[in-house]
2 protein chains.
Amino acid sequence: MTNERAAPPTISEVAAEAGVGRSTAARTLGGYGYVSPEVRERVLAAAERIGYRTNALARSMSTGVTHTIGVIVADIANPFFGGVVRGISDASRTRGFDTLVLSTYEKLAEEIAATDVLIDKRVDGMIIASAALDPASADHILQARSRGIPVILVDRVVRGLHLDAVVIDNRTASREAVARLIAAGHRRVGFVWGPPLAERPSRRRDFIDVAARNLSTDGERLQGYLDALDDEGIAFDPELVMVGPKDEERAEAEATRMLGLADAPTAMFCTETDAVTGTLRAIRAAGLHVGSDVSLIGFDDSSWAAVMEPPLTMIEQPMLALGERAAEALLEMIDGGADSVRVHTLETRLIERASVQPPPAARA
Amino acid sequence: MTNERAAPPTISEVAAEAGVGRSTAARTLGGYGYVSPEVRERVLAAAERIGYRTNALARSMSTGVTHTIGVIVADIANPFFGGVVRGISDASRTRGFDTLVLSTYEKLAEEIAATDVLIDKRVDGMIIASAALDPASADHILQARSRGIPVILVDRVVRGLHLDAVVIDNRTASREAVARLIAAGHRRVGFVWGPPLAERPSRRRDFIDVAARNLSTDGERLQGYLDALDDEGIAFDPELVMVGPKDEERAEAEATRMLGLADAPTAMFCTETDAVTGTLRAIRAAGLHVGSDVSLIGFDDSSWAAVMEPPLTMIEQPMLALGERAAEALLEMIDGGADSVRVHTLETRLIERASVQPPPAARA
DNA sequence: CTGTTAGCGCATTCAA
DNA sequence: TTGAATGCGCTAACAG
């Protein structure tokens with residue numbers, strides 16, 4: 001009961017069954033050219049009878065279009081990218097396009113291999129959340145572009161690369177969140193999920209350099225943090241930013257370190273979900289309470305954040321919209337439109353709940 | 001700087017550039033047949049020079065295999081499916097297969113359309129988390145199978161359909177979780193995320209019927225709940241199971257209703273993430289506390305569950321493993337192996353944290 | 001070991 | 001309006 005693998009019926013067989021020429025059958029089945037109503041019916045009936053299904057491969061072979069778009073993200077299991085991919089596939093599906101999704105786990109080599117796969121499979125376009133930090137490491141993207149394949153970046157831009165992109169304004173979102181913390185009275189706010197550096201720089205400008213060379217999202221978020229501090233004339237303290245690998249364990253360790261400082265932060269700004277949970281663990285382990293002891297704002301709202309005790313103030317990213325817009329922009333390029341390079345910036349939203357309170361000292 | 005869309009270099013062009021015959025070039029580029037080392041080098045160099053990339057479509061056209069597997073799930077943005085899909089793509093990628101993912105949002109019509117797309121694109125196999133409740137509504141799956149396309153079900157089985165599948169033992173997982181609650185002293189435990197029924201049945205056997213006709217996962221979880229009650233001789237109370245649409249709002253409303261009962265439940269068993277957050281909202285709104293006032297166990301552990309106050313006792317599903325196993329099983333079928341139908345059942349794990357406490361009355 | 005010859009299934013001229 | 005002939009780029013016998 002397995003692989004009988006009987007060759008699928010072809011247009012020729014339908015033609016024979018209907019008693020017409022191949023091209024006549026092809027025209028009615030392919031929905032192009034002229035066919036008399038009667039013949040049309042006959043062909044359709046014959047196709048139905050023998051269970052004909054068009055061979056998209058053969059069609060792509062002669063038309064040159066596959067009606068599939070390639071998507072490259074860091075990790076499809078990450079809720080953020082899951083949302084983006086959903087937005088992309090929903091938007092493209094309604095236009096008759098399917099999506100081939102590849103995860104890179106932030107490894108450039110994987111990303112390069114992924115673009116090769118997509119090129120080989122002749123996708124009509126690609127949407128990439130690239131791990132490339134500069135033009136020099138984005139050669140594979142230019143490669144695709146030079147082959148005439150429309151490409152649009154999503155979530156992150158590659159600095160110095162003149163390409164279409166759909167992103168959010170990370171710097172502003174971050175700046176506003178930290179400003180909110182400062183407005184509540186905090187002067188010492190920790191930054192969790194910092195630069196992936198082995199050692200902590202001591203000078204402020206080193207951090208700015210790092211931010212400028214880092215993944216655009218991470219860099220902009222750090223820059224926004226710095227902006228907010230500047231706005232209020234608060235001194236930057238290197239000790240208050242996390243360094244090291246970007247994972248929950250490290251976030252917890254760094255948050256714990258900060259909380260143990262003589263002049264400990266009274267608020268924490270976390271730039272990613274795992275940074276939030278890691279920080280939460282650290283706060284609890286230190287015997288402190290969110291809100292009353294240490295305020296917190298994090299990136300990427302989720303239904304969990306709303307049921308925490310206390311409910312967490314979070315920055316909501318329009319994941320679905322990011323994907324939808326990226327898909328729409330890409331399809332437009334595929335249709336031959338939009339020649340100029342454009343960067344679409346979508347709005348984020350600071351959802352205020354109860355994790356931001358005045359610092360302990362200011363209360364009393 | 002847009003669609004120059006210069007026709008990509010073909011094998012013939014490489015052959016010309018290298019000064020050899022088409023097939024010789026094809027052999028070295030395709031990695032089959034014999035080619036002398038010297039000629040081989042020459043061809044490779046020529047290919048490199050003119051930027052040749054194999055056309056996977058043309059190759060598939062003549063070999064009959066696309067090296068891509070189709071995946072159909074309810075919603076790629078759902079963390080559970082995101083994990084499953086990641087498992088699938090990771091496992092298949094290492095074997096040279098890519099994945100085409102389609103979401104159905106639990107709508108059978110979408111699922112049927114999705115299988116058609118996959119058939120048309122000639123995927124080498126499919127992995128489906130079907131929304132079909134019985135063989136009668138799973139005709140599209142049999143259709144694919146009869147065309148010789150390997151299919152393997154994941155997460156849920158279609159009762160009465162003799163197909164390979166990779167699932168977890170929902171009934172047992174559920175039974176053990178509820179047993180844990182009962183062991184802590186609870187006699188009244190609410191079941192959140194029940195049958196999608198408009199009205200609540202009054203007889204126990206109606207619930208069993210519903211469970212048997214429902215989505216296999218949901219049905220088995222309800223059945224496991226019933227089993228646990230039976231094991232301890234606890235009477236089943238229809239009022240303690242949620243009915244209606246399966247969404248967070250409804251979960252909250254139903255949990256609120258139960259908590260307002262004269263003989264309110266002292267523990268809640270939630271079969272999905274949104275059921276957990278909805279229930280948590282209800283508990284808080286009622287001015288109660290998780291653990292001390294009402295115990296809770298839910299399905300699908302996440303890093304958030306561990307940082308809740310108190311940390312939540314949850315059932316962990318091996319999402320990645322489900323995907324990996326499904327992919328492995330499918331690839332085995334594609335390789336022509338495994339003729340017999342097999343159902344792989346993976347282990348779940350009850351992660352005990354602090355949301356399960358003795359009921360208030362039993363304390364004092 | 002290499003080159004020639006046929007298809008794969010469809011879309012697309014071009015005649016009829 | 002319909003059908004016969006070509007070609008898409010590659011693999012796969014086949015003969016040289």
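The chains referred to below are lettered A, B, ... by the order of the sequence lines, with proteins before strands, and numbering in each begins at 1.
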Along nucleotides 9-16 of chain D, 5' to 3', which nucleotides get a B, which get an S, and which get a -, given that the test is a protein heavy-atom distance under 4.0 Å?
-> BBBB----
Residue pairs involving residues 85-100 of chain A (criterion salt bridge (Lys or Arg N to Asp or Glu O under 4.0 Å); sequence neighbours excluded) = A:Arg86-A:Asp90, A:Arg86-B:Asp75, A:Arg93-A:Asp98, A:Arg95-A:Asp335, A:Asp98-B:Lys121
Determine which pairs satisfy salt bridge (Lys or Arg N to Asp or Glu O under 4.0 Å) with at least one residue from residues 100-111 of chain B, sequence neighbours left out, and list them in order.
->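 For residues 100-111 of chain B, and leaving out neighbouring residues, the salt bridge (Lys or Arg N to Asp or Glu O under 4.0 Å) pairs sorted by first residue read B:Glu106-B:Arg156.
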Restricting to pairs with a member in residues 131-158 of chain B, which pass ring-ring contact (aromatic ring centres under 6.0 Å, His included), not counting sequence neighbours?
->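 Residue pairs with at least one partner in residues 131-158 of chain B: there are none.
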Pairs where residues 90-114 of chain A contributes a residue and the test ring-ring contact (aromatic ring centres under 6.0 Å, His included) is met, not counting sequence neighbours =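 The answer is A:His67-A:Phe97.
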If an axis is fit to five pairs at each end of the helix from C:dC1-D:dG16 to C:dA16-D:dT1, what is the angle between the two, to the nearest 10°?
-> 40°
Which donor-acceptor pairs under 3.5 Å do the side chains of residues 8-29 of chain B make with protein atoms, sequence neighbours left out?
residue : atom : partner : partner atom : Å
B:Thr10 : OG1  : B:Ser12 : N            : 3.2
B:Thr10 : OG1  : B:Glu13 : N            : 3.4
B:Ser12 : OG   : B:Arg22 : NH1          : 2.9
B:Glu13 : OE2  : B:Thr10 : N            : 3.4
B:Glu17 : OE2  : B:Arg49 : NH1          : 2.3
B:Thr24 : OG1  : B:Arg27 : NH2          : 3.4
B:Arg27 : NE   : B:Tyr34 : O            : 3.4

In chain order, what residues pass the side-chain contact (heavy atoms from CB on, under 4.5 Å) check against A:Asp139, with sequence neighbours excluded?
->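 Testing A:Asp139 for side-chain contact (heavy atoms from CB on, under 4.5 Å), a comparison that skips the adjacent residues, returns A:Gln143.
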Pairwise distance OG(B:Ser60) to CG(B:Leu57) - rounded to 0.5 angstrom =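 Answer rounded to 0.5 Å: 6.5 Å.
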Considering residues at least two apart in sequence or located in another chain, which fulfil the side-chain hydrogen bond (donor to acceptor under 3.5 Å, both in side chains) criterion with [X]?
X: A:Ser89; answer: none
X: A:Arg53; answer: B:Asp120
X: B:Thr66; answer: B:Asp124

Tell me, please, the opening and closing nucleotides of DNA chain C, 5' to 3', among those with an atom under 4.0 angstrom from a non-hydrogen atom of chain A.
->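 Listed 5' to 3', the contact boundaries are C:dG9 to C:dT12.
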